[in-house]
Amino acid sequence: MTSVEHRIERLELRNRWLATGCGLVIVTVLFGASKIPRPSSEIIQAAGFQLVDEAGLVRGKLRMGEDGPTLVLLDVDGNERVDLFDSAEATALYLRDREGQPRVGAAQFAHGGGGFALHGPEGVGTSVLYMQGTGPGRLSYYESTGTETYRFPPAD
């Protein structure tokens with residue numbers, strides 16, 4: 001065999017190995033790509049989710065509790081500031097101050113009544129606009145002891 005024939009034979013052998021290797025790479029890539037999960041419009045189910053900020057602090061929680069779903073938003077110090085929930089007793093939204101005390105509330109109760117409440121600092125004094133059934137609503141002011149000191153319209 002001449003040197004040229006020998007070189008051609010070696011090149012053909014390398015070419016077969018190269019073609020086989022490329023074929024294996026293509027098959028591997030195609031097979032691997034078929035295993036990558038695709039985004040879908042299917043429903044995702046979970047008992048809860050947490051929202052975290054860029055520092056990794058939990059700033060929101062969506063969870064399913066024993067009584068129903070709850071959405072809580074937290075400030076940078078981890079204090080609950082917004083609380084939205086649905087339970088057998090009520091569907092409600094509370095806005096809280098930095099100490100966690102409710103300052104504004106809106107609720108619809110299972111017994112049919114619902115309303116809005118403004119709470120004073122540290123729970124001292126509460127103004128409530130409440131309505132149940134048909135007819136006029138009621139505007140009340142409560143002392144920190146829970147005693148109603150103002151009511152419009154007046155009680156019968």
Side-chain angles (χ1 to χ4, degrees), residues 17-156:
W17 278 108
L18 183 60
T20 303
C22 285
L24 286 172
V25 168
I26 290 171
V27 168
T28 302
V29 167
L30 291 175
F31 181 73
S34 69
K35 298 293 185 183
I36 297 173
R38 304 269 188 253
S40 71
S41 60
E42 293 183 31
I43 296 173
I44 298 172
Q45 294 183 341
F49 293 95
Q50 290 187 340
L51 299 173
V52 295
D53 64 14
E54 57 279 347
L57 297 173
V58 175
R59 299 295 303 275
K61 300 175 187 177
L62 177 60
R63 61 183 178 252
M64 180 57 73
E66 290 181 16
D67 292 335
T70 301
L71 172 66
V72 177
L73 302 180
L74 299 97
D75 64 18
V76 293
D77 297 322
N79 300 312
E80 292 186 3
R81 299 300 300 272
V82 177
D83 187 7
L84 173 65
F85 67 91
D86 179 54
S87 70
E89 297 168 6
T91 298
L93 169 68
Y94 292 109
L95 306 180
R96 301 175 184 278
D97 62 18
R98 290 214 177 268
E99 286 72 41
Q101 295 296 315
R103 297 298 301 272
V104 177
Q108 176 63 44
F109 301 102
H111 59 67
F116 298 92
L118 300 174
H119 303 273
E122 299 177 11
V124 177
T126 301
S127 296
V128 177
L129 177 60
Y130 181 79
M131 182 155 197
Q132 184 171 5
T134 60
R138 178 180 81 222
L139 178 62
S140 301
Y141 178 78
Y142 296 88
E143 294 292 336
S144 60
T145 60
T147 304
E148 184 179 50
T149 58
Y150 175 81
R151 180 180 182 143
F152 184 83
D156 295 331

> Who pairs with R138 by side-chain hydrogen bond (donor to acceptor under 3.5 Å, both in side chains), at least two apart in sequence or on another chain?
Replying inline: S140
>> Using the side chain to side chain contact (heavy atoms under 4.5 Å, CB included) criterion, which residues pair with A92? Sequence neighbours excluded.
In response: F85, Y94, A107
>> With a 3.5 Å distance limit and no angle check, can you tell me whether R81 reaches the backbone of R96 through a side-chain donor-acceptor pair?
In response: yes
> Looking only at heavy atoms, which two atoms of D75 and R98 are closest? And how far apart?
Replying inline: OD2-NH1, 2.8 Å
> Of all residues at least two apart in sequence or in a different chain, which pass the ring pair (Phe, Tyr, Trp, His ring centres under 6.0 Å) check with F152?
Replying inline: none
> Does D86 have any salt bridge (Lys or Arg N to Asp or Glu O under 4.0 Å) partners at least two apart in sequence or in another chain, and if so, which?
Replying inline: none
> Mind checking what makes side-chain hydrogen bond (donor to acceptor under 3.5 Å, both in side chains) contact with T147, not counting sequence neighbours?
Replying inline: T145
> Does Y130 have any side-chain hydrogen bond (donor to acceptor under 3.5 Å, both in side chains) partners at least two apart in sequence or in another chain, and if so, which?
Replying inline: Q132
> For Q101, does the CD atom have more than 12 heavy-atom neighbours from other residues, nucleotides or ligands under 6.0 Å away?
Replying inline: yes
>> Apply side-chain contact (heavy atoms from CB on, under 4.5 Å) to residues L118 and V104 and explain how you reach the verdict.
In response: CA-CA 5 Å; L118 300 174; V104 177; 4.0 Å; yes
Which donor-acceptor pairs under 3.5 Å do the side chains of residues 51-72 make with protein atoms, sequence neighbours left out?
| from | atom 1 | to | atom 2 | distance (Å) |
| --- | --- | --- | --- | --- |
| D53 | OD1 | A55 | N | 3.0 |
| D53 | OD1 | G56 | N | 3.1 |
| D53 | OD1 | L57 | N | 2.9 |
| R59 | NE | L74 | O | 2.9 |

>> Applying side chain to side chain donor-acceptor pair (under 3.5 Å) as the test, list every pair that has at least one member in residues 110-120; sequence neighbours left out.
In response: H119-T126
